[in-house]
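Worth knowing before you read on, the calculation uses all heavy atoms, side chains too, and leaves out hydrogens, waters and symmetry mates. Each chain gets a letter, A, B and so on, in the order its sequence line appears, and its residues count up from 1.
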Amino acid sequence: DAGITQSPRHKVTETGTPVTLRCHQTENHRYMYWYRQDPGHGLRLIHYSYGVKDTDKGEVSDGYSVSRSKTEDFLLTLESATSSQTSVYFCAISEGGGGYYEQYFGPGTRLTVT
Amino acid sequence: SQQGEEDPQALSIQEGENATMNCSYKTSINNLQWYRQNSGRGLVHLILIRSNEREKHSGRLRVTLDTSKKSSSLLITASRAADTASYFCATDAWQAGTALIFGKGTTLSVSS
């Protein structure tokens with residue numbers, strides 16, 4: 001398995017509170033991604049990073065922010081959690097961008113917003 | 001918006017049978033990838049096929065790509081119970097920038 005971990009693995013939080021999810025890699029890959037997975041929607045891209053301090057928005061970025069201060073860490077922050085952000089969040093990494101490189105996925109974080 | 005759409009949404013077969021899943025997409029691509037997801041786990045990469053390739057094999061997996069029809073198929077031969085999982089196609093459509101766009105997946109159930 002690629003060296004990619006996510007923390008926490010499970011979290012329950014209340015509406016309106018900020019939440020930060022962490023993705024950590026040991027592969028020194030340049031690209032990192034955050035996805036959410038919901039029934040009926042498949043996997044949707046939230047934000048991605050193509051280098052330290054270089055990030056871009058994905059399809060469903062509203063209500064989320066990211067930061068990458070080190071190659072190995074990519075943080076996803078829900079600034080004020082809402083029930084619609086209840087989901088399973090996956091981090092992924094790849095050596096390069098686009099479809100030329102396979103992505104390696106972390107185990108996921110199950111987030112419940114009550 | 002989803003670029004790739006898998007068909008069927010769900011597929012149930014017996015061990016030993018072949019399983020075929022299809023993926024259709026809307027805009028031109030450079031590459032198409034297939035991933036597998038076991039229940040409660042992250043996605044695992046299966047195979048990548050480039051737009052100038054028509055067919056690719058990996059073990060019991062066979063992927064075809066027809067760019068004129070904007071479609072791909074994943075064939076799993078001699079299915080096993082361990083193949084039970086969801087399968088996703090992902091494309092690098094231009095509007096995705098440097099990211100992949102995933103379909104909603106096909107859920108495959110293989111019974112023994």
Side-chain angles (χ1 to χ4, degrees), chain A residues 1-7 9-10 21 23-25 27 29-51 54-61 66 74 88-110, chain B residues 1-7 9-10 21 23-25 27-53 56 58 61 63 65 67 72 85-107:
Chain A
D1 289 348
I4 176 168
T5 57
Q6 293 184 231
S7 59
R9 295 292 313 282
H10 301 271
L21 308 183
C23 176
H24 179 78
Q25 60 145 329
E27 305 297 321
H29 282 356
R30 180 182 172 194
Y31 283 76
M32 299 186 75
Y33 309 84
W34 276 108
Y35 295 92
R36 60 178 290 174
Q37 186 174 36
D38 305 286
H41 290 279
L43 214 63
R44 293 180 293 174
L45 181 67
I46 304 171
H47 282 280
Y48 68 97
S49 170
Y50 47 96
D54 293 322
T55 64
D56 205 352
K57 295 179 180 180
E59 178 187 0
V60 290
S61 59
V66 290
F74 192 32
V88 180
Y89 291 84
F90 287 99
C91 176
I93 63 175
S94 65
E95 290 185 64
Y100 296 92
Y101 299 87
E102 63 182 276
Q103 293 187 10
Y104 301 93
F105 282 78
T109 294
R110 184 172 295 276
Chain B
S1 60
Q2 238 75 25
Q3 157 76 331
E5 293 288 341
E6 291 89 346
D7 172 65
Q9 288 187 332
M21 287 157 269
C23 170
S24 59
Y25 56 91
T27 61
S28 297
I29 61 170
N30 295 309
N31 306 275
L32 185 144
Q33 301 185 28
W34 284 92
Y35 288 79
R36 183 188 75 234
Q37 183 181 33
N38 291 92
S39 181
R41 307 288 295 272
L43 279 70
V44 174
H45 181 264
L46 295 176
I47 203 162
L48 183 156
I49 187 165
R50 305 197 187 284
S51 60
N52 62 353
E53 298 176 311
K56 208 160 182 181
S58 176
L61 306 181
V63 168
L65 178 64
T67 53
S72 174
S86 293
Y87 293 82
F88 297 86
C89 68
T91 56
D92 57 356
W94 67 269
Q95 67 263 36
T98 59
L100 290 174
I101 299 180
F102 286 81
K104 297 179 182 179
T106 292
T107 300

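- Residue B/Glu53 places its CD atom among more than 12 non-hydrogen atoms of other residues, nucleotides or ligands, all under 6.0 Å distant.
- In this structure, a donor-acceptor pair under 3.5 Å is absent between the side chains of A/Gln103 and B/Gln33.
- Heavy atoms closer than 4.5 Å to chain A are found in the side chain of B/Leu48, but not in its backbone.
- For a residue to count as touching a neighbouring chain, one of its non-hydrogen atoms must lie under 4.5 Å from one of that chain's; by this rule A/Gln37 touches chain B with the side chain only.
- A 4.5 Å side-chain heavy-atom check between B/Phe102 and A/His41 finds every atom pair outside the cut-off.
- Among residues two or more places apart in sequence or in another chain, the side chain to side chain donor-acceptor pair (under 3.5 Å) test is passed with B/Thr107 by B/Ser86.
- By number of non-hydrogen pairs under 4.5 angstrom with chain B, the leading residue of A/Ser94, A/Gly40, A/Ala92, A/Pro39 is A/Gly40.
- For B/Gln37, the part sitting under 4.5 Å from any heavy atom of chain A is the side chain, from C-beta outward, and nothing else.
- A/Glu102 contributes no side-chain N or O that, together with a main-chain N or O of B/Ile47, makes up a donor-acceptor pair within less than 3.5 Å.
- Scored by the side chain to side chain donor-acceptor pair (under 3.5 Å) test, B/Asn38 finds B/Arg36 as partners (sequence neighbours excluded).
- A heavy-atom distance below 4.5 Å is not found between the side chains of B/His45 and A/Phe105.
- Contact check for A/Phe90 versus B/Arg41: no side-chain heavy atoms found under the 4.5 Å cut-off.
- At least one side-chain heavy atom of B/Leu43 sits under 4.5 Å from a side-chain heavy atom of A/Leu43.
- Annotation: the span from B/Asp92 atom CG to A/Tyr101 atom OH amounts to 12.0 Å, rounded to 0.5 Å.
- Within a 6.0 Å radius of NZ in B/Lys56, more than 12 heavy atoms belonging to other residues, nucleotides or ligands are found.
- To the nearest 0.5 Å, the span separating CZ on A/Arg44 from NZ on B/Lys104 amounts to 9.0 Å.
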